[in-house]
Amino acid sequence: AWADLELLESIVTRHHESSAFPVHLRAQNAPIEFRNMCLLISRADNYSAAERDDTKGSGYFRTKAQSSVFSSIKLKSETIPAPSYYKPVEFSVNNIFPQAEEKLNPRELTALVKSFGTRMKEISEVSWPSFQTLFCHLLACLEQFSWCLPASTQEALPDVSLYDHLRTTAAIAGAMFKYHESIDDFSQKEISDDKTDKFLLLAGDLTGIQQYIYGIANIGAGGVAKRLRARSFYLTLITAGLAHKIVHDLDLTPANIISHSGGNFYLLLPNTQETVSYLQALKATIAEEFLHNYNGELFLNLSAIPFCGGDLKNYGQVLSRAGEKLSHTKLNPLSEILFQSDGYWREDAFVLEKTTSQEYGYCCSCGRLPVTVTRGEEKLCSLCMQDINMGTVLPAARSVVFYLVQPKEGDSFHLPGGIWAMLSKKIPEITDGVLAVYVSSEESLDDYIMFPARRVFWGSYVPASNGNVLDFDSLAGL
């Protein structure tokens with residue numbers, strides 16, 4: 001079993017401290033053996049909801065619909081557009097567009113809740129191989145059924161979903177637990193402390209994306225469309241893989257990946273000495289890899305800022321601070337390996353060993369790295385050959401599997417940080433060392449029940465004719 005059921009029941013029924021709740025259902029009145037954990041979850045729940053709008057709405061809470069975040073945005077206009085709302089239906093690409101209907105349809109809501117109960121029963125009957133696998137499928141279940149339900153029915157325009165509230169509550173609770181574990185103090189006084197910097201917000205951002213994607217000297221080598229598609233996707237794999245590795249190494253969950261898109265990510269971590277030491281070592285390792293594998297032209301910047309629970313009342317300011325720290329970090333790329341511990345330069349680190357193939361010279365495609373593979377008249381480096389291989393399998397891939405070790409079977413691609421990614425057309429047969437699995441939205445998670453899987457939406461369509469992918473010249477002639 002992956003849970004203490006008595007503790008779980010107590011947390012579920014007693015995760016509030018407010019006097020608005022009956023005395024016996026308040027966290028501070030939970031059984032003594034569970035009280036501290038109930039208080040921790042209550043505090044995490046409060047932090048997650050700290051930015052809620054104080055403007056009270058009207059209407060019956062059972063029919064309160066979640067509004068679109070765009071309902072509060074106006075562009076060059078003094079008038080705010082009419083609000084739009086989501087229907088209480090399961091998540092799919094066909095249901096993501098809001099409508100004008102302000103109230104939930106009770107019949108649709110009842111059907112959604114019933115389907116949620118059915119799915120939870122199915123999850124409870126599975127013999128899960130690990131807690132992380134169970135957690136990922138629970139998270140996917142919550143996304144599927146609670147993405148369209150408001151976290152708070154008291155706001156005038158409730159635009160935060162119950163799913164996002166639960167996900168961030170789990171992330172905050174996980175980080176809080178690791179912090180209090182590190183100081184060996186789960187007392188009510190320490191848990192209620194809103195002013196101590198218990199958290200770190202880690203920002204990661206790739207620099208040199210455009211130069212890397214378009215850094216193909218000879219566009220004829222390997223097919224430009226295939227190469228560009230592969231390079232763009234490869235960058236997504238780098239940041240996704242590292243985000244999952246970091247939370248895995250720190251014994252956290254995927255919920256602690258607050259966001260991940262466009263070559264960057266934000267992770268919520270505990271502010272402990274273990275975390276700080278881990279990040280220092282990781283930065284040095286990553287810097288070495290990016291310098292020697294990409295000549296430093298592509299680089300991942302990592303920076304973290306500490307903050308306290310009280311700061312979550314204005315998470316926007318926390319993000320601004322993180323952005324400022326990240327911008328400063330970008331001004332000092334590779335500093336982790338260019339400086340010695342005493343602050344002096346490492347002069348040898350400024351010199352890259354000139355590695356060329358004595359027989360073939362530099363890659364005919366990128367012109368930057370030595371030739372390692374020949375394809376007829378084309379002489380390519382390992383990265384450009386990887387582009388071609390990845391671009392070939394990408395359109396038909398149904399999942400991406402991240403591994404902590406190189407899988408013995410199948411075509412896999414190495415990522416910075418000691419991670420491997422495999423694009424698969426079918427359900428993977430290798431479960432050992434799996435870090436995470438991204439499953440195409442067209443696939444069923446039931447087929448990936450033994451993996452820590454989540455559904456993702458990516459554009460896998462490419463224009464083709466008679467089963468052959470069209471090149472740019474063919475497209476231009478249409």
Side-chain angles (χ1 to χ4, degrees), residues 129-130 132-133 136 204 206 212 222 226-227 229-251 254 257 260 265 278 281-295 298-300 302 355 357 363 366 369-375 380-440 443 447-448 450-454 456 458:
S130 69
Q132 290 287 356
T133 303
C136 286
L206 278 173
Y212 175 75
K226 184 184 297 182
R227 297 283 310 285
R229 181 169 64 243
R231 288 202 163 198
S232 178
F233 193 73
Y234 180 64
L235 297 181
T236 299
L237 297 184
I238 288 177
T239 51
L242 277 171
H244 280 281
K245 176 179 171 55
I246 292 171
V247 296
H248 171 273
D249 289 350
L250 295 175
D251 196 24
I257 302 175
H260 164 243
F265 58 72
Y278 170 83
L282 178 67
K283 288 178 183 180
T285 300
I286 291 298
E288 289 280 1
E289 288 196 63
F290 275 91
L291 176 62
H292 293 287
N293 293 343
Y294 311 100
N295 285 343
L298 182 68
F299 184 68
L300 180 70
L302 292 172
T355 55
S357 168
C363 175
C366 70
L369 298 174
V371 172
T372 57
V373 180
T374 59
R375 287 200 330 158
L380 304 170
C381 66
S382 58
L383 281 180
C384 287
M385 191 65 225
Q386 175 180 276
D387 293 341
I388 296 172
N389 293 336
M390 184 178 292
T392 300
V393 301
L394 181 57
R398 310 318 303 158
S399 67
V400 178
V401 189
F402 295 97
Y403 289 94
L404 291 169
V405 293
Q406 184 177 11
K408 297 180 180 179
E409 300 177 10
D411 295 325
S412 58
F413 306 95
H414 183 257
L415 303 173
I419 310 165
W420 297 82
M422 184 172 68
L423 277 62
S424 181
K425 298 180 183 179
K426 58 182 182 179
I427 301 171
E429 297 179 0
I430 305 172
T431 59
D432 292 341
V434 173
L435 182 64
V437 180
Y438 282 10
V439 180
S440 168
E443 300 289 292
D447 295 331
Y448 295 81
M450 302 307 292
F451 295 90
R454 57 164 296 189
V456 296
W458 64 57

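Nothing fancy with the numbering, it's 1 onward along the sequence. Keep in mind that this is a model prediction, so the values were computed, not measured.
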Criterion side-chain contact (heavy atoms from CB on, under 4.5 Å) on Arg375 and Met385, from CA distance to verdict: CA-CA 9 Å; Arg375 287 200 330 158; Met385 191 65 225; 3.6 Å; yes
Ignoring hydrogens, what is the shortest heavy-atom contact between [X] and [Y]? Give both atom names and the distance.
X      : Y      : value
Val437 : Ser399 : CG1-CB, 4.2 Å
Glu289 : Pro416 : OE1-CA, 3.4 Å
Ala397 : Leu423 : CB-CB, 4.0 Å
Ala453 : Val439 : CB-CG2, 3.9 Å
Trp420 : Gln406 : CD1-N, 3.3 Å
Phe299 : Ala287 : CE1-CA, 3.7 Å

Just wondering, are more than 12 heavy atoms of other shown residues or ligands nearer than 6.0 Å to NE2 in His260? yes
Check whether any side-chain N or O of [X] sits under 3.5 Å from a backbone N or O of [Y] as a donor-acceptor pair, and report yes or no.
X      : Y      : value
Thr372 : Ser382 : yes
Arg229 : Gly391 : yes
Arg231 : Tyr212 : yes

When rounded to the nearest 0.5 angstrom, what is the spacing between [atom1] in [X] and [atom2] in [Y]?
X      : Y      : atom1 : atom2 : answer
Leu300 : Phe265 : CG    : CZ    : 5.5 Å
Tyr403 : His414 : OH    : NE2   : 15.5 Å
Tyr278 : Thr285 : OH    : OG1   : 9.0 Å
Asp387 : Thr392 : CG    : OG1   : 10.5 Å

Do Pro254 and Pro452 have side chains that approach each other closer than 4.5 Å (heavy atoms only, starting at C-beta)? no
Contact between Cys136 and Arg454 at the side-chain level, heavy atoms closer than 4.5 Å - yes or no? no
Assess whether side-chain contact (heavy atoms from CB on, under 4.5 Å) is satisfied between Val400 and Phe413, documenting all intermediate values. CA-CA 11 Å; Val400 178; Phe413 306 95; over 6 Å; no
Testing Leu369, Asn293, Leu298 one by one against Leu383 for a side-chain contact (heavy atoms from CB on, under 4.5 Å), which residue passes? Leu369
Given Leu237, which of Leu415, Ile419, Leu242 fulfils the side-chain contact (heavy atoms from CB on, under 4.5 Å) condition? Leu415
Measure up the His244 and Phe402 rings against each other and bin them: parallel (under 30°), tilted (30 to 60°), perpendicular (over 60°). parallel
Starting from the C-alpha separation in whole Å, work towards a yes-or-no answer on side-chain contact (heavy atoms from CB on, under 4.5 Å) for Tyr448 and Ile427. CA-CA 7 Å; Tyr448 295 81; Ile427 301 171; 4.2 Å; yes
